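Data block below; observations after.
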There are 2 protein chains.
Amino acid sequence: MPDISPASPAAVADALAERIRATGARATPARIRVLELLSAAPAPLSHQDIEAVLGADSLDRVTLYRVLDWLVESGLAVKRVDERRVWRFSLAGGGTHHGHVHFRCETCGRVFCLDTPPPRPPKLPGGFTLARAELDLSGRCAECNAGNV
Amino acid sequence: MPDISPASPAAVADALAERIRATGARATPARIRVLELLSAAPAPLSHQDIEAVLGADSLDRVTLYRVLDWLVESGLAVKRVDERRVWRFSLAGGGTHHGHVHFRCETCGRVFCLDTPPPRPPKLPGGFTLARAELDLSGRCAECNAGNV
DNA sequence: AGGGCAGATGCAACCGAGTTGCAAAAGACG
DNA sequence: CGTCTTTTGCAACTCGGTTGCATCTGCCCT
């Protein structure tokens, strides 16, 4: 059975490995897997999310933490705390997760990614440079407003 | 020795006690103390900050958590996670900490409160209702840009 | 190809913030 | 003053995250 998928998984992994080596670090399976996951994810992932996806052949808890921290340190990813006080990681910069808007429902806790473009950032005090802007909205989602709860 | 300070501490405490009773709860020393602290604080306080200020005659750790949670529940305060994943509490509503914009320096970690008004929020998908909007910016502050680090 | 070593991993134990359950103390109210 | 409810304090626990250390491995250099 020939592999005719648009971009072969192996090729993707190779590209990621290359990107990892470019930072001067070793391209290990753990890093490649995690990077793959993050690139594919539509929203920032928590440590738990990743552990759940990796499932059976999961990495050690600690290794995962270290991989994630390394990603942040090397500039490939950014981390941020969510409203429930857990770290969430997403690809940095050009990734699919570029400054869009998040909405968190205060009733059911779910997070929605709105495709609304982010507001143009206000001017900063002199000397400040902006790397990233996040608009976080919260309230009630349609479902929770629709009677239940 | 007559107390001639601008607003006598006792009077302030009484006013706060009144506000507490207005919510239907008991005006206990613990609640009054914490509420005093929060009203006086220039920035949101963490559990630890409060414990440190109370110092010697401090409340039990758990009681403090409960008082804080009660404050939030009764609408007198709001809580929010900071970049170090700890809860920070501030007086709700009319407080000094109303929907403004935060800038966090990725180099030194400090948080600046900009007085820029928050952008007007984008339209939400049908059925969603907005309760709160936060614009979080990050980058480098003037000081860190000025050569050091 | 294979050796060597810095860098990465896994394990176990640890940490600190926050939570829960329960009995004792303190307000409120008749 | 008695009783009934709310708060408090204590102890034990959960959970996300971290640290120390021994083992393993990707990668470079012959």
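Everything numeric in this text was worked out from a predicted model, so none of it was measured. All chains are named by letter (A, B, ...) in the order of the sequence lines, taking the proteins before the strands, and each is independently numbered beginning at 1.
In this structure, Phe89(B) and Leu45(B) have side chains that are not in contact, with every pair of non-hydrogen atoms separated by 4.5 Å or more. Within the 4.5 Å cutoff, side-chain heavy atoms of Leu130(B) are placed close to those of Phe103(A). Residues Arg85(B) and Trp87(A) have side chains in contact (heavy-atom distance under 4.5 Å, counting atoms from C-beta outward). Considering only heavy atoms from C-beta on, Ile50(A) comes within 4.5 Å of Leu68(A) through its side chain. The side-chain heavy atoms of Leu59(B) and Val34(B), taken from C-beta on, include a pair separated by under 4.5 Å.
Interatomic distance, CZ of Arg31(B) versus CG of Leu64(B), reported as 12.5 Å (0.5 Å rounding).
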Full working for side chain to side chain contact (heavy atoms under 4.5 Å, CB included) between Val78(A) and Ser90(A) | CA-CA 6 Å; Val78(A) 293; Ser90(A) 52; 3.5 Å; yes
In sequence, state the C-alpha distance, the side-chain angles, and the governing distance for Val81(A) and Val86(A), and then conclude on side chain to side chain contact (heavy atoms under 4.5 Å, CB included).
-> CA-CA 5 Å; Val81(A) 273; Val86(A) 308; over 6 Å; no
Could you walk me through whether Tyr65(B) and His47(B) pass the side chain to side chain contact (heavy atoms under 4.5 Å, CB included) check?
-> CA-CA 7 Å; Tyr65(B) 276 117; His47(B) 177 112; 3.1 Å; yes
How far apart are the C-alpha atoms of Leu16(A) and Glu36(A), what are their side-chain angles, what is the distance that settles it, and do they pass the side chain to side chain contact (heavy atoms under 4.5 Å, CB included) test?
-> CA-CA 8 Å; Leu16(A) 291 176; Glu36(A) 275 176 338; 3.3 Å; yes
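Counting all heavy atoms, side chain and backbone alike, Ser39(A) lies closest to Leu91(A) at CA-CD1, 3.7 Å.
For the contact set between residues 59-70 of chain A and DNA chain D, defined by any heavy atom under 4.0 Å, the members are Arg61(A), Val62(A), Tyr65(A), Arg66(A), Asp69(A).
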How would nucleotides 24-30 of chain C be written as a contact map, 5' to 3', with B for base contact, S for sugar-phosphate-only contact and - for no contact, using protein heavy atoms under 4.0 Å?
-> --BBS--
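Rounded to whole Å, atom C1' of dT19(C) lies 16 Å from atom CZ of Arg84(A). In this structure, the CG atom of Asp82(B) is 17 Å from the P atom of dG16(C), given to the nearest Å.
In terms of the side-chain hydrogen bond (donor to acceptor under 3.5 Å, both in side chains) criterion, residue partners of Ser46(A) (sequence neighbours excluded) are, by chain and number, Asp49(A). Partners of Arg21(B) according to the salt bridge (charged side-chain N to carboxylate O under 4.0 Å, His left out) rule, which considers only residues two or more places apart in sequence or in another chain, are Glu18(B).
Rounded to 10°, the helix from dA1(C)-dT30(D) to dG30(C)-dC1(D) has 30° between the axis fitted to its first five pairs and the one fitted to its last five.
The span of DNA chain D lying next to chain A, judged by atoms under 4.0 Å from heavy atoms, is bounded 5' to 3' by dG16(D) to dC27(D).
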